[in-house]
Amino acid sequence: DQYFLLGSNGKKKALIQIRKVKGERAIGRILKGKAQAGMILQHRGSSVTAGSPSSQRSARSASDSKMYWGAIAGISQDTMKVVVKDTNNNNFGTSDMSGISFSAKGLFDYDIYEQKLWFRGTSGIEGFSVSGSSICGVGNTEACTASIYYLTADFIARWVFTTGDIRPWVGGGFGLMFPMSKDSTALDSASIGTTNTYTFLGGVDWFVSPTLMIPISLEYSMLPKSDEVEASFIAIRAGFAVPF
């Protein structure tokens, strides 16, 4: 069935189609307009007035949920610039390295303000893998490499522009990174410790159904810069999330 959504003044604000009924709750798809919590429903074509209890229900769909949980995976383009030392600890040269790595994380979304301002937390495994010129190691003749796997916790604030099936957003945040494994000729392994990232990102939340959302994002993250090391990565991520 199709229903009009009525505002507090009795005017029609949107049109939805009921897709599933379970107990006292129904899941609906928005066909036109915008839905908000607290609106009332009137059956399309019904002559019953908006004030009649027999024709009204509180309007809410699963895509208006305040919390979601799921998983997200990604691929990143990693870059690192490092100053290489010789055996006398003098500057030997600079290596510009790059590479590709992968990530897999759990995801949690929480609505902070009216489906517009959201918190997103992710936690899991983030890889960082780069290689470059052969000026590292003993005698400065080995290829410069760094391969690190981190356990991460990311904290992101997102501004969501719409509440339709496809919801574009932009955001920013920071992450904590704890090394789980590390192998490098470009860096002293003892110097690879807990670090953090600053992230700028954008993406879309695609609701393929009221109970399944596909989060997609493009992210740029920077690690703290020092006089000898500069590192960053660009990641594309996608996954799934369901109402919590």
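Between I40 and Q42, the closest side-chain pair of non-hydrogen atoms is not below 4.5 Å. Contact annotation: the side chain of Q17 never approaches that of I30 to less than 4.5 Å [non-hydrogen atoms, C-beta and beyond]. Counting heavy atoms from C-beta on, the side chains of F233 and Y220 never come closer than 4.5 Å. Here the side chains of T163 and Q36 are not in contact, with every heavy-atom distance at 4.5 Å or above. Side-chain atoms of L6 and K12, non-hydrogen and from C-beta on, do get closer than 4.5 Å to each other. Inter-residue side-chain proximity for L212 and F240 is flagged as met; some heavy-atom pair is nearer than 4.5 Å. Side-chain contact between F174 and N196 is absent, with no heavy atoms from C-beta onward closer than 4.5 Å.
No path of Ile, Leu, Val, Met, Phe, Trp and Tyr side chains, each step under 4.5 Å between heavy atoms, connects Y68 with I216, placing them in separate hydrophobic clusters. If you chain together hydrophobic residues whose side chains sit under 4.5 Å apart, I192 and L176 never meet in one group.
Atom CG of L31 has more than 12 neighbouring heavy atoms from other residues, nucleotides or ligands inside a 6.0 Å radius. Summarising the local packing, CZ of F161 is surrounded by more than 12 heavy atoms from other residues, nucleotides or ligands at distances under 6.0 Å. More than 12 heavy atoms of other shown residues, nucleotides or ligands fall within 6.0 angstrom of atom NZ in K182. Within a 6.0 Å sphere centred on CZ of F244, heavy atoms belonging to other residues, nucleotides or ligands number 12 at most.
Between the side chain of S95 and the main chain of M97, no donor-acceptor pair closer than 3.5 Å is present. In terms of modelled atom types and a separation under 3.5 Å, the side chain of D188 and the main chain of A190 share a donor-acceptor contact. Counting only distance, with no hydrogens or angles, the side chain of T185 and the backbone of T145 share a donor-acceptor pair below 3.5 Å. Although no hydrogens or angles enter the test, the distance criterion places no donor-acceptor pair under 3.5 Å between the side chain of N88 and the main chain of N90. The closest donor-acceptor contact from the side chain of S123 to the backbone of T152 lies under 3.5 Å.
One finds no salt bridge joining R167 and D205 here, because no Lys/Arg side-chain nitrogen approaches an Asp/Glu carboxylate oxygen to under 4.0 Å. Using a cutoff of 4.0 Å between basic side-chain nitrogens and carboxylate oxygens, R29 and D165 are scored as salt-bridged. R120 and E219 are not joined by a salt bridge, as no carboxylate oxygen comes within less than 4.0 angstrom of a charged side-chain nitrogen. Taking the charged nitrogens against the carboxylate oxygens, K116 and D111 have no contact shorter than 4.0 Å, which rules out a salt bridge.
Note that K85 lies outside the cation-pi zone of F92, set by a 6.0 Å cut-off to the ring centre and a 45° limit from the axis.
Using the six-membered ring where Trp is involved, H43 and Y3 have ring planes that are perpendicular, over 60° apart on the 30 and 60° scheme.
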- Task: Would you sort out whether E114 and K34 count as a salt bridge (Lys or Arg N to Asp or Glu O under 4.0 Å), showing the intermediate values?
- Result: CA-CA 13 Å; E114 295 185 351; K34 251 185 195 181; over 6 Å; no
- Go through the steps to decide whether F178 and Y150 satisfy the test ring pair (Phe, Tyr, Trp, His ring centres under 6.0 Å), and finish with yes or no. CA-CA 5 Å; F178 308 92; Y150 292 96; 9.0 Å; no
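When all heavy atoms of I148 and P179 are compared, the closest pair comes out as CG2-CB, 4.4 Å. P243 and T211 make their closest contact through CD-O, 3.5 Å (heavy atoms, listed as atom of the first residue, atom of the second, distance).
With 3.5 Å as the limit, one finds a donor-acceptor pair spanning the side chains of D78 and S101.
Remark: of the listed residues I236, V130, I100, I100 is the sole one forming a side-chain contact (heavy atoms from CB on, under 4.5 Å) with Q77.
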